[in-house]
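Position 1 is the first residue of the sequence, and the numbers go up from there.
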Amino acid sequence: MTTARRKSYGVKGAPYAFLLPATILFALFFALPIGYALWLSLHKVQVKGLGLGSGARKEVWAGLENYKDALSDSELLSGAVRVVGYGAIVIPVMLGLALLFALMLDTDKVRLAPFTRLAIFLPYAIPGVVAALLWGFLYLPDVSPFYFVLDKLGMPQPNLLDGGPLYLALSNIAVWGGTGFNMIVIYTSLQAIPAEVYEAAKLDGATPLQIALKIKIPMVAPSLVLTFFFSIIATLQVFSEPTTLKPLTNSVSTTWSPLMKVYQDAFGKGDIYSAAAEAAIIAVVTLVLSFGFLWAANSRNKQEEAR
């Protein structure tokens, strides 16, 4: 092989050499764990007699039995319904506030814009468990300063950790922590809009409100789709907030959300096979809903472009 050919092969193989470390890490820490979880979901433990002694517990092929049991599990289905109600509150409120803050920060008259952006984004930097603990103690009647003030004013003191208000309490934690991130994404898109577009609109007599509704919001629609996509995934995977609040109230069960059900089955009951099947179902539902929404959004954009 000539020197020229060796150099040619070396140049062609350079991209693959750069990709090799990322490919290895992806395979070790992403692909293999997913494959192992799918393998576990297709197996179960067969117990002979009392389950004592060597060979009494044997791993056998279960096929789709774990999936059938998971889909008929009332606790998993109830957790899914609770998450749907939780998401119906979190997603519109969080994205609505993020869009509102981004539009307000994009105006010329805003003061202390860098500080305001940081103040809105800062809650996102706080770990979810810490935020849930913080809000949990603010919700707790015995230690919350808000309940103390309400008591001194003679006003009613609602229990936010019981019944219907629990959804509002959990949603508030998610909205408080996630609005800043979504606001930064939308605000960055607003900054990318050419200034000439605004100048032309002003020359045509458009008011700031009309500019926001007719120009800014339509032009940041891709960012809104992206943030909605991320919000769907985060909502379906809610875990830390209800788990952290669980010791503070009896209204949050160990299977309040689907992921809590997976955790309880895997580490509480020791049934990793059923837990793997439940996790696979949650992953499939998340993918279907997320990419279904992206497909619908892309289809609508293509139709509008065709017009």
Side-chain angles (χ1 to χ4, degrees), residues 29-30 32-87 90 127-137 139-140 160-164 166-167 169-171 173-174 177 233-287:
F29 298 103
F30 193 80
L32 286 179
I34 290 177
Y36 181 59
L38 292 175
W39 184 85
L40 286 175
S41 68
L42 299 174
H43 291 75
K44 67 178 182 179
V45 171
Q46 187 178 67
V47 181
K48 294 181 180 179
L50 298 177
L52 304 176
S54 60
R57 302 175 65 89
K58 183 180 179 182
E59 189 177 78
V60 297
W61 177 260
L64 299 178
E65 181 180 341
N66 291 327
Y67 289 94
K68 293 179 181 178
D69 293 340
L71 292 173
S72 61
D73 192 330
S74 59
E75 290 185 341
L76 184 64
L77 296 177
S78 298
V81 172
R82 283 190 287 266
V83 166
V84 170
Y86 166 83
V90 171
V129 175
V130 176
L133 280 174
L134 170 66
W135 282 104
F137 283 106
Y139 295 150
L140 206 60
L160 297 177
L161 295 177
D162 187 25
L166 178 64
Y167 284 86
L170 289 170
S171 300
I173 299 174
I233 296 175
T235 299
L236 294 176
Q237 297 179 351
V238 60
F239 178 80
S240 60
E241 291 87 353
T243 302
T244 305
L245 291 183
K246 182 184 175 302
L248 303 180
T249 175
N250 294 325
S251 298
V252 179
S253 64
T254 55
T255 58
W256 192 88
S257 71
L259 277 188
M260 292 176 68
K261 177 67 165 60
V262 173
Y263 182 88
Q264 177 65 18
D265 286 346
F267 301 103
K269 299 179 180 178
D271 187 359
I272 59 174
Y273 306 96
S274 296
E278 294 164 356
I281 292 173
I282 294 172
V284 170
V285 171
T286 303
L287 287 174

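Using a 4.5 Å heavy-atom cutoff, the side chains of Ile233 and Gln237 are in contact. At least one side-chain heavy atom of Thr235 sits less than 4.5 Å from a side-chain heavy atom of Val83. Using a 4.5 Å cut-off on side-chain heavy atoms (C-beta onward), Asn66 and Leu42 make no contact. In this structure the side chain of His43 never reaches within 4.5 angstrom of the side chain of Val60, judged on heavy atoms. Inter-residue side-chain proximity for Val238 and Leu259 is flagged as unmet; no heavy-atom pair is nearer than 4.5 Å. The side-chain heavy atoms of Tyr139 and Ile173, taken from C-beta on, include a pair separated by under 4.5 Å. The shortest distance between side-chain heavy atoms of Thr255 and Met260 does not fall below 4.5 Å. Taking 4.5 Å as the limit, every side-chain heavy atom of Phe267 sits out of range of all side-chain heavy atoms of Ile272.
Here the shortest heavy-atom pairing between Glu65 and Lys44 reads OE1-NZ, 3.0 Å. Shown here for Gly85 and Tyr167, the closest heavy-atom pair between the two residues is C-CD2, 4.3 Å. Minimum interatomic distance between Tyr67 and Ala280 (heavy atoms only, all atoms of both residues): OH-CB, 3.7 Å. In terms of heavy-atom proximity, Ala37 sits nearest to Ala276 at O-CB, 3.3 Å. Among all heavy-atom pairs drawn from Ala169 and Leu160, the shortest one is CB-O, 3.4 Å. Residues Trp256 and Val252 share a closest heavy-atom pair of CB-CG1, 4.0 Å.
To the nearest 0.5 Å, atom CG of residue Leu245 and atom CG of residue Leu133 are 8.0 Å apart. Taking OG of Ser257 as the start and CD of Gln264 as the end, the distance is 11.5 Å to the nearest 0.5 Å.
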Let me see the working for Ser171 and Tyr86 under side chain to side chain donor-acceptor pair (under 3.5 Å), right down to the final yes or no.
CA-CA 6 Å; Ser171 300; Tyr86 166 83; 5.9 Å; no
Lys261 and Asp73: salt bridge (charged side-chain N to carboxylate O under 4.0 Å, His left out), yes or no, with the steps?
CA-CA 10 Å; Lys261 177 67 165 60; Asp73 192 330; 2.8 Å; yes
Could you walk me through whether Val45 and Lys58 pass side-chain contact (heavy atoms from CB on, under 4.5 Å), step by step?
CA-CA 5 Å; Val45 171; Lys58 183 180 179 182; over 6 Å; no
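Looking at Glu59 and Tyr273, their side chains do bring a donor and an acceptor atom within 3.5 Å of each other. In this model, no donor atom of one side chain and acceptor atom of the other lie less than 3.5 Å apart for Asp265 and Ser274.
Within the 3.5 Å criterion, the main-chain N or O of Leu38 finds a donor-acceptor partner in the side chain of Ser41. Between the side chain of Thr249 and the backbone N or O of Leu161, at least one donor-acceptor pair lies under 3.5 Å.
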